[in-house]
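What follows is a set of notes on a single structure, which appears directly below.
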Number of protein chains: 2
Amino acid sequence: MPAPGRPRGFDRDAALRSALRLFWERGYEAVSISELTEAMGIGARSLYTAFGCKEELFREAVELYGCTPGLGTATERALETAPTARAAIEAMLRDNAEIYADPGSPRGCMVVLAATNVSEDNVSVRLFLEQRRRAVRESVRARLAAAEGEIPGGADLDALADYAMTVLFGLSVQAKDGASVTGLHKVIDAAMFGWDGMVRACA
Amino acid sequence: MPAPGRPRGFDRDAALRSALRLFWERGYEAVSISELTEAMGIGARSLYTAFGCKEELFREAVELYGCTPGLGTATERALETAPTARAAIEAMLRDNAEIYADPGSPRGCMVVLAATNVSEDNVSVRLFLEQRRRAVRESVRARLAAAEGEIPGGADLDALADYAMTVLFGLSVQAKDGASVTGLHKVIDAAMFGWDGMVRACA
DNA sequence: GTAATTCTGCAACGATCATTGCACAATAGA
DNA sequence: TCTATTGTGCAATGATCGTTGCAGAATTAC
């Protein structure tokens with residue numbers, strides 16, 4: 001049963017995907033409504049009717065990024081499926097590295113890079129992504145806390161989680177600067193030595 | 001001997017410092033000329049007479065950031081004065097961490113954060129900072145190459161340098177998200193285990 | 001003094017920003 | 001067919017963007 005009124009003349013999901021790519025590539029403020037409408041193939045009026053305003057569109061795009069297989073779900077998936085905490089962290093880093101450096105997509109993580117530079121009017125957008133980053137950190141922290149026996153009791157789980165997140169953040173900048181997938185994997189090789197050393201030191 | 005013509009009615013260096021802080025805090029495009037003129041205490045016409053245009057002002061601000069003791073010089077200084085490559089990397093990370101989380105300054109590194117989101121018109125600004133980041137990486141790489149005997153011959157200096165830069169980049173994001181100095185130092189504790197493991201693995 | 005030079009305040013420039021009012025089109029249910 | 005509801009194209013909104021022309025002020029060199 002379709003809703004009453006004139007039906008929408010475009011594919012809302014496809015339009016949102018176009019907006020996602022643009023926001024991901026350049027960030028919130030650096031993308032204008034006119035660029036969005038052109039990329040989405042719709043008029044400004046339709047954009048506002050369908051998505052509310054620019055910020056709501058951005059938030060929807062971020063949500064889509066977060067729940068799209070092969071993009072935002074990689075982290076959660078890695079944390080859930082890996083058999084050990086160490087493997088979970090390594091899988092999170094490596095799977096994301098592949099995504100960050102994928103030649104067919106914007107480089108780096110949208111959640112890390114898409115709202116770094118905002119004016120005073122749009123601080124809320126920056127805080128929105130900051131909160132998403134914090135949520136990822138908490139997922140990582142929770143995975144470490146659930147690793148019975150694997151991590152010695154004296155280990156600083158907060159420090160371990162922050163370390164993993166720091167490397168993850170850094171990978172986004174590296175990818176944006178043009179780093180290759182193999183280069184990122186070598187970085188992760190080193191990073192996992194850091195994990196091992198940290199865990200061993202607290203044994 | 002002063003130059004002919006009407007003398008400048010403001011302190012150019014002080015005005016540049018004000019612009020630096022603003023650009024550092026929010027980034028290139030998120031700061032408007034009117035905000036700059038207000039912070040610098042001058043009219044728009046004086047800004048353009050003294051600095052040329054917004055991009056030139058930004059570049060000068062970045063140069064100032066780079067050559068200011070306690071800001072951009074920390075990295076170079078750490079690389080030059082530390083007795084070993086390992087100590088150089090650690091000092092670079094720790095000294096920068098102190099700067100990134102300094103409560104009296106904008107959080108994170110200006111070179112890493114100030115031109116992440118730019119429109120198509122200002123790609124040159126992003127590339128300008130990208131080049132500065134690359135230059136830092138080359139300094140790190142050179143310091144590693146100069147560490148005779150300390151690092152085994154089979155070690156991948158590029159990977160080690162990229163790893164150090166990745167952690168350094170990540171620290172900026174962490175600081176921007178509100179991480180404490182002690183939190184950053186704990187991250188660096190873990191990161192240095194990564195260095196040791198990487199070096200030992202290639203022995 | 002005069003000329004040359006540089007800086008500054010004012011007021012504007014055209015362009016673009018995100019957003020919306022309005023008339024009309026296109027559907028559903030009655 | 002009539003009403004209710006929703007989407008769309010057009011054209012505009014006021015605001016702000018970075019930048020500049022111009023007249024006059026302030027200095028040096030002569």
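The analysis underlying the following values was restricted to heavy atoms, covering all of them including side chains, and did not include hydrogens, waters or symmetry mates. In what follows, chains are A, B, ... by sequence order, proteins preceding strands, each numbered from 1.
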Cut-off 3.5 Å, no hydrogens considered: what does the side-chain donor-acceptor table look like for residues 71-78 of chain B, sequence neighbours left out?
residue, atom, partner, partner atom, Å
B:T73, OG1, B:T68, O, 3.4
B:T75, OG1, B:N96, ND2, 2.9

(Q) Using whole Å, what does the distance between atom P of nucleotide C:dT20 and atom CG of A:L47 come to? (A) 12 Å
Q. For B:P4 and A:V31, take the nucleotide of DNA chain C holding the closest heavy atom to each; which residue's nucleotide lies nearer the 5' end?
A. B:P4
**Q.** Of the listed nucleotides C:dC7, D:dC17, D:dT27, the one nearest the side chain of B:S32
**A.** D:dC17
Q: For the side chain of B:R6, starting at C-beta, report the closest nucleotide among C:dA18, D:dG24, C:dA26.
A: D:dG24
**Q.** Any A:R8 side-chain N or O less than 4.0 Å from OP1/OP2 of D:dG7
**A.** yes
Q) With a 4.0 Å cut-off on heavy atoms, is A:T49 in touch with a base, just the backbone sugar-phosphate, or nothing at all? A) base
**Q.** Nearest-Å distance for atom pair CG/P, residues B:D121 and D:dT19
**A.** 11 Å
Q) OP1, OP2 of C:dA18 versus side-chain N and O of A:S34: anything below 4.0 Å? A) no
Q: Output the distance between atom NZ (B:K176) and atom CD (A:E130), rounded to the nearest 0.5 Å.
A: 9.5 Å
Q) Do the charged groups of B:K186 and A:D162 touch, with an N to O distance under 4.0 Å? A) no
**Q.** Whole-Å gap separating P (C:dA18) and CG (A:L22)
**A.** 11 Å
Q) Want to settle it: does B:R45 or B:G5 sit nearer the 5' end of DNA chain D, counting the closest nucleotide to each? A) B:R45
Q) Taking the side chain of A:A44 as its heavy atoms from C-beta onward, which of C:dT19, D:dT19, C:dC7 lies nearest to it? A) C:dT19
(Q) Just the rounded figure in Å: distance from C1' of C:dC17 to CD of B:E120. (A) 16 Å
Q | Whole angstrom value for the distance that separates C1' of D:dC17 from CD1 of B:I33 | A | 9 Å
(Q) Rounded to whole Å, please give me the gap between CZ in B:F51 and C1' in C:dC7. (A) 13 Å
Q: Figure out the CD/C1' separation between A:E35 and C:dA18, and round it to whole Å.
A: 13 Å
Q.
Nearest whole Å is fine: how far is C:dA15 P from B:E29 CD?
A. 19 Å
**Q.** Residue B:P7, side-chain atoms from C-beta onward, closest of C:dT19, D:dA26, D:dT19
**A.** D:dA26
What pairs of donor and acceptor atoms, side-chain ones from residues 9-18 of chain A against any protein atom, are under 3.5 angstrom apart with sequence neighbours left out?
residue, atom, partner, partner atom, Å
A:D11, OD1, A:D13, N, 3.0
A:D11, OD1, A:A14, N, 3.2
A:R12, NH1, A:E60, OE1, 3.0
A:R12, NH2, A:A50, O, 2.9
A:R12, NH2, A:E60, OE2, 2.8
A:S18, OG, A:A14, O, 3.3

Q. Take atom CD in B:Q131; do more than 12 heavy atoms of anything else shown fall under 6.0 Å from it?
A. no
